Amino acid sequence: MRKKLARVLPTLLWFRSYARVRLPFGSLILPLALSFPLSCILYQRFTGQLISLGLVSVAEWLSFILLFVQLRLIDDLDDVQDDHSNQHQQDELQQHLSMLLIITANTLIALNMASFRTLLAVIFATLISYAGPFLIKRFLPPHPASLILGWLFFEGAPASFFVYIYFAWISHSSLEPLSITQIVPIAGMFWLAYEIWKFSRKVHINAMQPYFLPKSAVRLVLSLLMILAAALMMALVNMADFSPFGRYGAGLFPLVFFIWMNGTWPDLSGNEDRETFSAPAWNGMSFLVIFEIMLSIEFIFEWVRL
């Protein structure tokens, strides 16, 4: 027992400094964490039932956060050799990251043992998280079909996390399961917000973009994501029976964001030697945070009316 603690304790202490850099609470973990209760409330609203914070299970909520922590750990483990040339540093990082991944996987299983649905969902989400970097990326040839398959796995992993919220909610509900057409607008909106964060967080710096895309292609991807978000948002506000504020405010929000982004897109031409520029206000988690604020206002209005 003491030997195990002696191996685990240094890794946990190392994780504290790692998390401050790679998993910042205010700008990453908190916005993602709020997706869980807001999604549960939306699912409950689809059923026509009264909103209750009792819908939120601490075990599943923590599991949802840990899935994103696990994804970041997997991504960094995959990049160890690319990001660090020193062999000793590579070995040390691999040891810490591997130990943390073992701890995370065991914690996820323990937290979801009470529900077969959530246990299967968390196992599936974990497998697809590993499959992208350690299966598709390493063993399939650089072929267009491989790239498409890789995209499905790399972006399917976070999508499965947001679908996990549905299974967490239904496992504590006595209501009938929702249809796929009811699940997709909720899980899809939060997934799109995550994708907008992923593709927009580096648009203001001269750095490698997702999938090695040029900035013009990143702009096109973000525009398509926001157009898709507008379509899903309209379906969401109609099915959730939003108030006039929610119907028009949230409904138009992705289109306003689309215009804002394209009107203030950072121009880095002629400044290739500079590494960083001022970040546009719309990049990163801004889309998700504003979406969550609008949902919160809508739900507060409902509680006040009740």
Side-chain angles (χ1 to χ4, degrees), residues 19 22-25 27-40 42-43 60-79 97 100-101 104-105 107-108 111-112 118 120-137 147-169 180 183-202 209-211 213 218 221-222 224-226 228-229 232-233 236 254 283-292 295:
R22 300 295 288 158
L23 297 162
F25 179 78
S27 61
L28 180 65
I29 298 299
L30 181 59
L32 289 172
L34 291 176
S35 302
F36 189 95
L38 291 172
S39 294
C40 289
L42 281 169
Y43 286 126
E60 280 94 352
W61 195 353
L62 180 58
S63 297
F64 175 71
I65 298 169
L66 283 177
L67 285 171
F68 282 102
V69 173
Q70 179 178 252
L71 186 65
R72 177 51 60 90
L73 293 171
I74 291 170
D75 180 60
D76 285 344
L77 182 61
D78 176 48
D79 291 337
L97 292 169
L100 285 169
L101 282 167
T104 304
T107 304
L108 283 167
L111 290 173
N112 290 273
T118 60
L120 283 181
V122 86
I123 290 173
F124 176 80
T126 297
L127 290 176
I128 197 173
S129 297
Y130 277 97
F134 294 110
L135 179 62
I136 305 299
K137 182 178 175 181
L147 294 175
I148 295 172
L149 187 61
W151 180 86
L152 290 174
F153 276 86
F154 279 106
E155 309 315 321
S160 70
F161 304 166
F162 292 109
V163 175
Y164 167 82
I165 301 176
Y166 166 74
F167 289 105
W169 170 78
I180 189 70
I183 299 170
V184 167
I186 298 174
M189 270 304 304
F190 283 102
W191 172 73
L192 285 171
Y194 174 86
E195 291 296 301
I196 289 170
W197 165 78
K198 178 176 179 176
F199 281 90
S200 70
R201 64 195 181 102
K202 294 181 180 180
Q209 301 297 317
Y211 299 100
L213 293 173
V218 172
V221 169
L222 284 169
L224 292 173
L225 289 172
M226 290 178 190
L228 183 55
L232 279 182
M233 185 71 83
L236 181 63
N283 88 320
M285 280 288 172
S286 298
F287 187 95
L288 177 59
V289 169
I290 295 173
F291 176 49
E292 291 177 337
L295 287 178

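The shown structure was predicted, so the numbers you read here are calculated from the model rather than taken from an experiment.
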Q: Hey, are the side chains of Phe167 and Asn112 touching, using non-hydrogen atoms and a 4.5 Å cut-off?
A: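 Sidechains of Asn112 and Phe167: no contact.
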
Q: Give, for atom CZ of Phe64 and atom CD1 of Ile165, the distance between the pair rounded to the nearest 0.5 Å.
A: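 Here the interatomic distance stands at 4.0 Å.
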
Q: Report yes if the distance between the aromatic ring centroids of Phe161 and Phe36 is under 6.0 Å, otherwise no.
A: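 No, the ring centres sit 6.0 Å or more apart.
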
Q: Are side-chain heavy atoms of Leu232 and Ile186 found at a separation under 4.5 Å?
A: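 SC-SC contact between Leu232 and Ile186 ruled out.
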
Q: Can you name the closest pair of heavy atoms from Ile65 and Ala33 and give their distance?
A: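 Smallest heavy-atom distance, with atoms named: CD1-CB, 3.8 Å.
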
Q: Nearest 0.5 Å please: distance from the CZ atom of Phe25 over to the CG atom of Leu32.
A: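 Result: 11.0 Å between the selected atoms.
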
Q: Evaluate the side-chain proximity of Leu288 to Trp197: yes if any heavy-atom separation is below 4.5 Å, no if none is.
A: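 Contact flag for Trp197/Leu288 side chains = no.
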
Q: Please round to the nearest 0.5 Å and tell me the distance separating atom CG of Leu192 and atom CD of Glu155.
A: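 The CG atom of Leu192 sits 11.0 Å away from the CD atom of Glu155.
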
Q: Does any part of the side chain of Leu101, heavy atoms only, come nearer than 4.5 Å to the side chain of Gln70, both counted from C-beta?
A: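 Side-chain contact under 4.5 Å: yes.
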
Q: Any idea which heavy atoms bring Ala157 and Ser129 closest together, and the distance?
A: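 Looking at all heavy atoms of both residues, the shortest contact is CB-OG, 3.7 Å.
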
Q: Is the gap between the ring centers of Tyr194 and Trp191 under 6.0 Å?
A: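 No - the distance between ring centres of Tyr194 and Trp191 does not fall below the 6.0 Å cut-off.
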
Q: Would you name the heavy atoms of Phe154 and Pro133 that are closest together and state the gap between them?
A: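 Closest pair (atom of Phe154, atom of Pro133, distance): CZ-N, 3.5 Å.
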
Q: Restricting to non-hydrogen atoms, name the atom on Pro158 and the atom on Phe68 that form the minimum distance, rounded to 0.1 Å.
A: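 Scanning both residues, the minimum pair turns out to be CB-CE2, 4.4 Å.
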
Q: Between the main-chain N or O of Trp169 and the side-chain N or O of Glu60, is there a donor-acceptor pair closer than 3.5 Å?
A: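 The answer is no, because no donor-acceptor pair under 3.5 Å joins these two groups.
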
Q: Quick check: closest heavy atoms across Ile128 and Leu152, and the distance to 0.1 Å?
A: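 Nearest pair, atom of Ile128 first, then Leu152: CD1-O, 4.5 Å.
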
Q: Hey, does Ile74 have a side-chain heavy atom less than 4.5 Å from the side chain of Phe134?
A: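 A side-chain contact under 4.5 Å exists here.
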
Q: Under a 4.5 Å cut-off applied to non-hydrogen side-chain atoms, are Val69 and Leu73 in contact?
A: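 Val69 vs Leu73: side chains touch.
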
Q: Minimum heavy-atom separation for Leu108 to Ser63, with atom names?
A: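 The answer is CD2-O, 3.5 Å.
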
Q: Side chains of Ser35 and Glu292: closer than 4.5 Å at any heavy-atom pair?
A: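 Contact flag for Ser35/Glu292 side chains = yes.
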
Q: Nearest 0.5 Å please: distance from the OG atom of Ser39 over to the CZ atom of Phe162.
A: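 These two atoms lie 7.5 Å from each other.
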
Q: Does OH in Tyr130 sit with more than 12 non-hydrogen atoms of other residues, nucleotides or ligands closer than 6.0 Å?
A: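 Yes - once you tally the heavy atoms of other residues, nucleotides and ligands closer than 6.0 Å, there are more than 12.
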
Q: Are side-chain heavy atoms of Leu213 and Phe199 found at a separation under 4.5 Å?
A: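 The answer is yes, as the side chains (C-beta and beyond) meet within the 4.5 Å cut-off.
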
Q: Are the ring centres of Phe190 and Phe291 closer than 6.0 Å?
A: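 Yes; Phe291 has its ring centre under 6.0 Å from that of Phe190.
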
Q: Calculate, to the nearest 0.5 Å, the distance between atoms CZ and CD1 belonging to Phe153 and Ile148 respectively.
A: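 Result: 13.5 Å between the selected atoms.
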
Q: Rounded to the nearest 0.5 Å, what separation is found between the CG atom of Leu42 and the CE atom of Met189?
A: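 One gets 10.0 Å once the value is rounded to the nearest 0.5 Å.
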
Q: Under the 3.5 angstrom rule, does the side chain of Arg72 hit a backbone N or O of Arg22 as a donor-acceptor pair?
A: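 Yes: the side chain of Arg72 pairs with the backbone of Arg22.
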
